[in-house]
Structure formats: structure tokens, C-alpha cells
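Below: one structure, written as C-alpha cells.
Atoms within each ligand, like the ligands themselves, are counted from 1 in listed order. Quick note: numbers below take in every heavy atom, side chains included, and nothing from hydrogens, waters or symmetry partners.
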Amino acid sequence: MDESELRRLEASRAALLARFAEKMRATPSLADPAPKGEGPRNAHGMPRMPVQQGEQDELIPMDLGRVPAVAMDRWKLTVDGAVEAPVTLGFEDLLALPQEDRTADFHCVTGWSVLGLSWRGVPVSTLLALARPTAEATHAMFHSHDGYSTNLPLEEALKDDVLLVHALGGAPLTAELGGPARVITPQLYAYKGAKWVNRIELLTQDRRGYWEIRGYSNTAYPWRNDREW
Ligand SMILES: Nc1nc2c(c(=O)[nH]1)N[C@H]1C(S)=C(S)[C@@H](COP(=O)(O)O)O[C@H]1N2
Ligand SMILES: [Mo]
């Protein structure tokens with residue numbers, strides 16, 4: 001990416017974030033007056049451990065019974081749907097975008113959490129800004145190689161800790177944990193973060209993903225014990 005491309009991308013990202021800023025601030029994980037959980041407040045002012053979660057040292061690989069093998073040199077991610085400029089990135093393109101290092105907690109809806117994981121990757125907001133969502137875009141559907149999908153409203157997808165990550169603890173993300181690249185959603189239950197993601201489809205109305213159809217909450221707020229519908 002050259003300087004002017006970077007500047008254009010930053011401007012597109014800033015405009016998108018500004019459009020959703022108010023909605024982002026008003027989400028329960030940032031604005032709940034009585035969040036349920038325990039421990040000292042985290043960076044967002046929420047209790048460190050959401051209600052009815054137990055701490056684990058490491059992630060437990062969760063999947064639909066199959067770990068897709070996606071070679072790095074064949075990795076591709078398409079951002080399309082309600083966008084002005086559909087785009088497909090290869091792994092080199094992903095690494096050429098501005099990278100972020102983030103420490104984040106991880107909460108699985110089945111009751112376990114891992115605190116303080118070190119991730120490296122690209123904000124989903126950057127990926128969306130590249131494709132420039134239309135004025136009508138309100139949600140995103142994340143599609144994966146294993147047939148998994150999960151949906152997010154843009155006010156969640158644009159949060160600064162929602163990343164497409166390719167490294168954990170300084171090492172490339174393993175296939176079991178979603179490598180070469182997966183999404184993380186630290187402020188929502190982890191089923192909202194698609195492993196082996198290959199497409200982000202922008203939507204003009206909500207549509208439910210794999211677990212959201214099968215009984216898990218569409219909203220997935222950990223500090224509201226929001227697990228099922
Ligand atoms: N593609 C895909 N992504 C997925 C899943 C899946 O089965 N397939 N499981 C989800 C669930 S329920 C959780 S808790 C996390 C688990 O991430 P982990 O395997 O790194 O622990 O991934 C989420 N993303
Ligand atoms: Mo999960």
C-alpha cells in the first residue's frame with residue numbers, strides 16, 4: 001500500500017466509524033448500567049469475568065467436526081454484498097494492511113473464558129472500509145470454509161477490538177484455532193467470531209448465521225448472560 005492509498009483507506013475507515021459511533025457507544029457491552037459478572041473492571045468498564053463463566057488457561061478448539069486445511073498461499077477473503085467496491089484479498093494483501101497488536105479476553109457461550117490473549121491482525125473496520133459499505137448497509141455476515149457463518153450488526157463489527165487475526169501469542173494461528181485467519185469478538189460470546197473466514201457479506205437487514213438459527217442468541221452479550229433465544 002502506498003501513502004495515498006493508506007490515506008484514502010484511513011479516511012474511508014474514519015467516515016464509517018463516525019457513521020456508527022453513537023450506535024457503537026450504546027451497545028450493552030459498553031453501556032450496560034448493571035453488567036453481570038465478577039472481578040475488577042476491564043478496559044471497557046465491564047467486570048473482568050462475565051456471569052456464569054469459568055476461567056481456562058488456553059482456548060479449547062470448537063468446530064463443527066472438521067478442521068479445514070487452508071494453505072496460506074491459497075487463502076482468500078472477499079468483502080462484498082452491500083458495498084461500493086467489492087474486494088478480494090490474498091494473505092500477502094492482508095499482511096500489507098496496517099496491523100494491530102491487541103490483548104483481549106475470550107468468552108465461549110458454553111461457559112469458559114480465557115483472559116489476556118495476545119492477538120495480531122487487522123481490524124475488521126479496515127476490511128470493511130476497503131470495500132466501502134453502502135449507506136444502506138447495517139449488518140455483516142461472516143462465512144467460513146467449514147460451512148459456518150455468523151452475523152453481526154455493524155456497530156459490533158466496527159468495534160476496535162474486533163479483528164481478523166492471524167497470530168496468537170506471537171506465533172501463526174494454528175488450523176485448530178481458525179488459521180490462517182479468524183475473527184475475534186471480545187465483547188460478545190466467541191461464536192460471533194468466525195474461524196477460517198473467507199467472505200464478509202454486507203447486508204441491508206439482519207440475517208442469522210449458523211448458531212443463531214439453531215438457538216444461540218442473535219445478540220450474544222456476555223454481561224447479560226445472553227446465551228439463547
Ligand atoms: N468457522 C467456524 N468458526 C467458529 C466456530 C466453528 O465451528 N466454525 N465455532 C465458534 C465457537 S462456538 C467458538 S467458542 C469459537 C471457538 O474458538 P476456538 O476454537 O479458538 O476456541 O469459534 C467460533 N467460530
Ligand atoms: Mo462457543
Side-chain angles (χ1 to χ4, degrees), residues 29 37 49-72 74-79 89 91 94 102-122 124 127 139-153 156-157 159 161-201 207-229:
S29 298
M49 188 64 86
V51 59
Q52 285 181 39
Q53 292 292 108
E55 189 173 351
Q56 285 259 138
D57 288 340
E58 283 183 29
L59 293 173
I60 301 172
M62 309 284 274
D63 53 56
L64 303 177
R66 195 170 71 86
V67 173
V70 185
M72 246 172 225
R74 308 213 29 211
W75 185 87
K76 276 193 166 45
L77 173 70
T78 296
V79 187
L89 305 174
F91 205 73
L94 180 67
R102 279 300 162 84
T103 300
D105 301 338
F106 191 101
H107 308 295
C108 173
V109 70
T110 61
W112 55 269
S113 294
V114 183
L115 302 179
L117 292 167
S118 309
W119 302 100
R120 183 174 176 80
V122 173
V124 165
L127 302 169
H139 291 76
M141 183 71 83
F142 297 76
H143 300 270
S144 298
H145 279 283
D146 59 343
Y148 192 77
S149 59
T150 187
N151 55 311
L152 286 176
E156 294 290 351
K159 282 183 175 174
D161 54 2
V162 176
L163 304 180
L164 178 70
V165 295
H166 53 77
L168 172 60
L173 193 61
T174 61
E176 286 73 22
L177 300 180
R182 63 95 59 86
V183 176
I184 55 162
T185 58
Q187 297 178 40
L188 300 175
Y189 288 123
Y191 60 88
K192 288 291 185 179
K195 308 203 290 187
W196 313 295
V197 61
N198 58 15
R199 181 181 177 209
I200 306 176
E201 178 193 7
R207 197 168 85 213
R208 286 170 187 245
Y210 185 92
W211 283 124
E212 292 86 358
I213 290 171
R214 290 167 176 79
Y216 281 144
S217 166
N218 194 34
T219 40
Y221 302 128
W223 293 274
R224 290 191 172 180
N225 215 14
D226 174 29
R227 297 173 200 261
E228 293 170 343
W229 52 272

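The shortest N/O to N/O separation between W112 and ligand 1 does not fall below 3.5 Å. Ligand 1 has no nitrogen or oxygen under 3.5 angstrom from a nitrogen or oxygen of W196. Polar contact check, C108 against ligand 1: no nitrogen or oxygen pair lies under 3.5 Å apart. Considering backbone and side-chain atoms alike, Y191 places every N or O at 3.5 Å or more from each N or O of ligand 1.
The proximity of I60 to ligand 1, defined as any non-hydrogen pair under 4.0 Å, is limited to the backbone.
Put simply, no part of F142 is less than 4.0 Å from ligand 1, judged by heavy atoms. In this structure, G193 has a heavy atom closer than 4.0 Å to ligand 1. Contact analysis puts F106 in contact with ligand 1, with a non-hydrogen atom separation below 4.0 angstrom. For the pair H145 and ligand 1, no heavy-atom separation below 4.0 Å is found.
Using a 4.0 Å cut-off between charged side-chain N and carboxylate O, R207 and E212 make no salt bridge.
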side-chain hydrogen bond (donor to acceptor under 3.5 Å, both in side chains) between Q53 and S113: does it pass, once the steps are laid out? CA-CA 6 Å; Q53 292 292 108; S113 294; 3.0 Å; yes

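A donor and an acceptor atom, one from each side chain of S149 and H143, are nowhere located under 3.5 Å apart.
Looking only at protein heavy atoms, the nearest one to atom 17 (O) of ligand 1 is R182 NH2, 2.9 Å.
Interface of L64 with ligand 1, defined as ligand atoms under 4.0 Å from a residue heavy atom, comprises 7 (O).
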